[in-house]
Colleague: 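First the structure, which I've put down as structure tokens, then a few questions once you've had a look.
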Amino acid sequence: MRDELKNLADVFFAKIVEPAYKINLSWVRRELMNLGIKDENIDHLYIINAPLSREVWYYVFVKLYEEKKLDSFLNLLLEKIGAINLGKLTENLDAVGLCYDGRFHLKTFNIVVLVSGRGTNLQAIIDAVESGEINGKIVAVISNKKGAYALKRAKKHGIDSIYLPAKKGEKREDYDKRLAEIIDEKKANLIVLAGFLRILSPWFVKKYENTIINIHPSLLPAFGGIYGLDVHRKALEYGVKVSGCTVHFVTENVDSGPIIVQKCVEVMDEDTPESLAERVLEKEHEALVEAIKLISEGRVKIEGRRVIVKR
Ligand code: GAR
């Protein structure tokens, strides 16, 4: 029960409270200190023995619920955990969320997709959103490359498509700040790199920690740090018998973040980089949709390097 409660706290904070209210932990910590953390409600935290971020979460929750007391909420939560429908718990919040099977689901899950090229992965996401497989909305597609076909795909589906070129001599971080402005304005819950051929600055990666995912056309950690056909060329040169794709969270080091989904394909003797790329690409589309679906349903938890998926 305790673990379940902690999990709910994790998901609730990461998926609902933080994105919706733009509250960050350092702000809350400061507020907590200002307030002396003497509130009797806060004592509950120690009973639950939650780590600091969860302590903070409960405090934020008290703030969100204002007049209602934390203990009554916690009792309600405890009572309801495991019940079929926990929607009532969130119906008073502006940050709309539904919860069932012990998981929170955002009613609106906003996805921003960053692209640089043809956008077949983007198309897979568009299709999955339109068919209802992913319960979310693509709020913007942003490209750093002018003629990117991905932008046309987005337009065709009525999605806001934005061309954001880097200025001459512009520092990486300055570009990323302009990018972040758009992303924040769109209230993104998830940033998907779908063939985005630009390395993001540490500033950007930190700002959107655990919120950016990338698709890479190899089974990482093999053949990371390179793009497109080069990846398949290297895989063939090395002589691997299986290759595939990886969807992972983006961290400061390129192609090194916690792995969410991997899919593999067999390598044939007669494969060329092009033929291998084609087979891997089919798997990419499946893997990316699967990863977005899992994240949007709050079923993904990062523990160190490992991503634990609640099935
Ligand atoms: C995809 O194969 C993706 O894995 C790769 O670029 C391609 C984009 O295709 N990304 C990388 O190599 C990143 N290191 P798409 O524009 O058709 O989705």
Side-chain angles (χ1 to χ4, degrees), residues 111-130 134 138 140-157 159 161-165 172 176 179 190-201 204-205 208 212-238 240 242-265 267 271-293:
I111 305 162
V112 167
V113 187
L114 307 187
V115 294
S116 300
R118 66 191 163 177
T120 64
N121 277 291
L122 166 70
Q123 190 66 52
I125 308 170
I126 293 175
D127 294 346
V129 166
E130 288 187 352
I134 291 175
I138 304 174
V141 171
I142 307 171
S143 170
N144 63 325
K145 293 263 185 264
K146 194 170 186 186
Y149 189 66
L151 288 177
K152 291 210 178 80
R153 292 181 193 264
K155 261 195 208 122
K156 218 166 142 185
H157 290 264
I159 299 164
S161 55
I162 299 158
Y163 165 49
L164 187 74
R172 200 171 284 288
D176 288 355
L179 186 60
L190 182 69
I191 302 160
V192 180
L193 312 186
F196 185 61
L197 305 186
R198 237 189 106 84
I199 292 171
L200 295 163
S201 61
F204 188 92
V205 173
Y208 299 108
I212 316 168
I213 63 169
N214 178 47
I215 176 107
H216 184 78
S218 74
L219 294 174
L220 290 172
F223 314 116
I226 39 179
Y227 288 113
L229 271 187
D230 274 348
V231 181
H232 304 293
R233 205 168 285 129
K234 285 266 186 255
L236 289 177
E237 269 169 27
Y238 199 91
V240 293
V242 282
S243 191
C245 63
T246 305
V247 183
H248 63 94
F249 283 105
V250 171
T251 52
E252 229 180 88
N253 296 329
V254 174
D255 295 332
S256 307
I259 293 169
I260 309 158
V261 177
Q262 285 188 309
K263 299 224 178 261
C264 49
V265 303
V267 177
D271 261 330
T272 61
E274 288 78 7
S275 66
L276 183 56
E278 201 176 308
R279 284 207 310 291
V280 170
L281 192 63
E282 278 177 35
K283 294 288 174 191
E284 287 186 40
H285 299 160
E286 288 172 23
L288 192 53
V289 167
E290 189 178 318
I292 296 172
K293 190 172 158 61

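Both ligands and their constituent atoms are indexed starting at 1 by order of listing.
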Colleague: Any N/O of G228 closer than 3.5 Å to an N/O of ligand 1?
Modeller: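 Indeed, backbone or side chain, G228 has an N or O that close.
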Colleague: Find all atoms of ligand 1 within a distance of less than 4.0 Å from any non-hydrogen atom belonging to G195, and give their numbers and elements.
Modeller: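 Answer, ordered by atom number: 6 (O), 8 (C).
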Colleague: For R153 and G119, indicate whether the former's side chain and the latter's backbone hold a donor-acceptor pair under 3.5 Å.
Modeller: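 It does hold such a pair.
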Colleague: For a side chain to side chain contact (heavy atoms under 4.5 Å, CB included) with N121, tell me which candidate from V115, L281, V289 qualifies.
Modeller: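 With N121 as partner, side chain to side chain contact (heavy atoms under 4.5 Å, CB included) holds for just one option, L281.
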Colleague: Which of the listed options, P217, G225, A148, holds the heavy atom that is closest to atom 5 (C) of ligand 1?
Modeller: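 Residue with the shortest heavy-atom distance to the ligand atom: P217.
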Colleague: What is the nearest protein non-hydrogen atom to atom 14 (N) of ligand 1, stated with its residue, atom name and distance?
Modeller: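 Ranking protein heavy atoms by distance from atom 14 (N) of ligand 1, first comes H216 ND1, 3.0 Å.
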Colleague: Below 3.5 Å, N or O to N or O, backbone or side chain included: is there any such pair between Y227 and ligand 1?
Modeller: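 It does not: no N or O of Y227 is found under 3.5 Å from an N or O of ligand 1.
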Colleague: Are there over 12 heavy-atom neighbours, none belonging to E286, within less than 6.0 Å of that residue's CD?
Modeller: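 More than 12 heavy atoms, drawn from other residues, nucleotides or ligands, come within 6.0 Å of this atom.
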Colleague: Should L179 and L114 be marked as a side-chain contact (heavy atoms from CB on, under 4.5 Å) after you check the CA-CA gap, both sets of side-chain angles, and the distance that decides it?
Modeller: CA-CA 10 Å; L179 186 60; L114 307 187; 3.9 Å; yes
Colleague: N/O of D255 under 3.5 Å from N/O of ligand 1, yes or no?
Modeller: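 N/O-N/O distance under 3.5 Å: no.
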Colleague: Check each of R153, K283, E284 against atom 1 (C) of ligand 1 and report the one with the nearest heavy atom.
Modeller: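 The option holding the nearest heavy atom is E284.
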Colleague: Does any N or O atom in V231 lie less than 3.5 angstrom from one in ligand 1, N or O only?
Modeller: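 No, V231 has no N/O under 3.5 Å of an N/O on ligand 1.
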Colleague: Do T120 and H285 have side-chain N/O donor and acceptor atoms under 3.5 Å apart?
Modeller: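 There is such a pair (donor and acceptor under 3.5 Å, judged by atom type) between the side chains of T120 and H285.
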Colleague: Hey, does the side chain of D176 reach the backbone of S201 with a donor-acceptor pair shorter than 3.5 angstrom?
Modeller: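 Flag set: sc D176 to bb S201 pair under 3.5 Å.
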Colleague: So do T251 and I212 actually touch side chain to side chain, heavy atoms under 4.5 Å?
Modeller: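 I212 does not reach T251 side chain to side chain.
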Colleague: Looking at H216 and F223, would you say the former's side chain and the latter's main chain have a donor-acceptor pair under 3.5 Å?
Modeller: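 Checking the backbone N and O of F223 against the side chain of H216, a donor-acceptor pair under 3.5 Å is found.
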Colleague: Give the residue and atom name of whichever protein heavy atom lies nearest to atom 10 (N) of ligand 1, and the separation in Å to one decimal.
Modeller: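 Atom 10 (N) of ligand 1 sits closest to the protein heavy atom I215 O, 3.7 Å.
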Colleague: Among all protein heavy atoms, pick out the one at the shortest distance from atom 16 (O) of ligand 1; state its residue, atom name and that distance to 0.1 Å.
Modeller: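 Going by distance alone, atom 16 (O) of ligand 1 is nearest to G119 N, 2.8 Å.
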Colleague: Just to be sure I read this right, does ligand 1 sit under 4.0 Å from the backbone of I226, its side chain, both, or neither, counting only heavy atoms?
Modeller: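 For I226, only backbone atoms sit under 4.0 Å from ligand 1.
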